[in-house]
Amino acid sequence: MKNTQKQASGAPVVLTVEDLTLDALTPFGSKRVLDGISFKLHEGETLCLAGESGSGKSVTSLAIMRLLPITSLRVTRGSIKLHDRELLTLHESAMRNVRGADIAMIFQEPMTSLNPVMRIGDQLTEAIRTHQKMGVGDARRAALEMLDAVKITDAKRRLDQYPHELSGGMRQRVMISMALSCRPKVLIADEPTTALDVTVQAQILKLLQELKSEFGASIIMITHDMGVVAEVADRVAIMKSGKIIEAGTTLKIFENPQEAYTQELIAAVPRLGARKGTDSPPRISSVENVEVQTPSTAVLNVEELAVTYGAKAGWFGKGAVGFSAVRGVSFSLKPGRTLGLVGESGSGKSTTGKAVLGLIPFSGKVTIDGVPITKTSQAALKPMRRLAQMIFQDPYASLDPRMTVGEAIAEPLVIHQIGNKNEHRDEVASLLRKVGLSPDVATRYPHEFSGGQRQRICIARALTLRPKLIVADESVAALDVSVRARVLDLMLELQETMGLAYLFISHDMAVVERMCHDVMVMRNGEVVESGSRRKVFESPQVAYTKELLSAVPIPDPRRRNAA
């Protein structure tokens, strides 16, 4: 991608946000959410609002779109102007015409933004006909042109499909085509690539830059990932606690950040190649002597693992062949080591992780600490749960919202009838300290914690039974980069002090490089390359592995010239 950074001061101003201040209405009174936000967006410019969750980025975008819930959020002062037109005082009927036609938004999760019971074509034509005087036929042709513009394969067939029939990357392309269908002056992209594979993310970022030039839109990109900022932004505004604490050109922010918070955001981005020439992850713990199992003994052995979905026998033993999600996967994992399982969505990573824990039916042979789980009933698997646990991607969905944190962490002890209530309380307190939380939080509920804190709670729960193996399935993918760095350090420290073995499933190659001793690359259910971290990252043999590595965003805006 060529360097698109430019001085936008001479270009006309499209959007002006001045002194925007927003309060949340709570049972305990008003709470300041945004405090004096001011910025300008110039024609043909990409401005990034960057910061961690809770910094006010998304709320700012919703305020611009006038989509704030009026019962809980209120603008107390400020101005939002599209050219010279004040949006905050605009009548709602007029504002409906502005949305889509003048300002459009791409949301983070396309599956929840698209209507699951409407075909893609119907949703696209609805948006086009709402803002443009077109008949059904013309609107459908325009929808097809937009799908072609965002480079969706077999666009004509996609018009008649439903959202669940498309991949995450395709759904996001549909959202982009819908947002651009009426040629808006301003496009707001709220974390549009957070949930996507690194290769799909690279494609979407490149597509947005190309469409910006083609359609003449100005873009406000909202993200917590400074690697993404370096890839696309002309200017950056760093947000923290509802304020813009630093702003400037992308080069200025990256090369001479003034605020410690900005420096922390940039430093937290995993850099591919940072572990070049090394064989192991960085040492985190200060503990020198760690008791682990004999290194020659594998805690996990997998032979010819295969998983097939949808195979059903019918009359005379005949039936659907089924979809082969995983086939012929074999590996072993020793105590104190991490095996990274990487690949795009649909490659079979998560299916492999679930299969080795006996969570889904499989064929082949799996042995955990010498205990075979092949063709074992769920009741017989109960003792194995003490040997292996799983950390899932979404910490909020992994915790019962009706249980306190203490109850959630102690639940495995109750299920396995280990200890009494007093011992449970002491164990919960010990585990909370181990993951960097105060024992006092045991009486609180999951919704009272941040994403990073919830993931720490999930890690504590996974450690309750003192397992020897942990399967971490995209366990940090949903976290801000700085929070992600702290959680990864915690996992490394726990491995060093407890001798844990990790099966680390991820699509983020930079994170895998930091965490893993060995790597397996999966594609279409098969292992296409494997070896030590050093071998796979520094001397990849397969084109697919090279593609995954090249797609990782690099937190250096000068590198745009290299593409």
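Quantities reported herein were computed from a predicted structural model and do not represent experimental measurements.
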Participant: Going by the salt bridge (Lys or Arg N to Asp or Glu O under 4.0 Å) test, which pairs reach into residues 501-515, not counting sequence neighbours?
Facilitator: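 Sorted pair list: Arg484-Asp508, Asp489-Arg514, Glu513-Arg533.
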Participant: Does any part of the side chain of Leu490, heavy atoms only, come nearer than 4.5 Å to the side chain of Val435, both counted from C-beta?
Facilitator: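 Side chain of Val435 against side chain of Leu490, heavy atoms only: contact under 4.5 Å found.
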Participant: Does a side-chain heavy-atom distance below 4.5 Å link Leu208 with Ile106?
Facilitator: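 Leu208 reaches Ile106 side chain to side chain.
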Participant: How many angstroms lie between atom CD1 of Ile188 and atom OG of Ser61, to the nearest 0.5 angstrom?
Facilitator: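 Here the interatomic distance stands at 5.5 Å.
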Participant: Assess, by modelled atom type and distance only, whether the side chains of Arg158 and Gln161 contain a donor and an acceptor separated by less than 3.5 Å.
Facilitator: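 There is such a pair between these side chains.
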Participant: For the backbone of Asp234 and the side chain of Glu45, can you confirm whether one donor and one acceptor N or O come within less than 3.5 Å of each other?
Facilitator: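 No.
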Participant: Can you name the residues that form a salt bridge (charged side-chain N to carboxylate O under 4.0 Å, His left out) with Asp473, not counting sequence neighbours?
Facilitator: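 Here no residue qualifies.
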Participant: If we ignore hydrogens and angles and just use 3.5 Å, is the side chain of Glu191 paired with the main-chain N or O of His224 as donor and acceptor?
Facilitator: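 A pair under 3.5 Å: yes.
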Participant: If only atom types and distance count, is the side chain of Tyr544 paired as donor or acceptor with the main-chain N or O of Val521 below 3.5 Å?
Facilitator: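 Answer holds: no.
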Participant: Who pairs with Asp148 by salt bridge (charged side-chain N to carboxylate O under 4.0 Å, His left out), at least two apart in sequence or on another chain?
Facilitator: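 So Asp148 forms no salt bridge (charged side-chain N to carboxylate O under 4.0 Å, His left out) with any residue.
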Participant: Among residues two or more places apart or on two chains, list those pairs meeting salt bridge (Lys or Arg N to Asp or Glu O under 4.0 Å) that have a residue in residues 161-173.
Facilitator: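 Sorted result for residues 161-173: empty, none.
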Participant: Can you name the salt bridge (charged side-chain N to carboxylate O under 4.0 Å, His left out) partners of Arg523, sequence neighbours left out?
Facilitator: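 Residues passing salt bridge (charged side-chain N to carboxylate O under 4.0 Å, His left out) with Arg523: none at all.
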Participant: Does Thr338 offer a backbone N or O that forms a donor-acceptor pair with the side chain of His517 under 3.5 Å?
Facilitator: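 Yes, His517 side chain to Thr338 backbone: donor-acceptor pair under 3.5 Å.
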Participant: For Glu210, what residues pass the salt bridge (charged side-chain N to carboxylate O under 4.0 Å, His left out) criterion, not counting sequence neighbours?
Facilitator: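 Testing Glu210 for salt bridge (charged side-chain N to carboxylate O under 4.0 Å, His left out), a comparison that skips the adjacent residues, returns Lys151.
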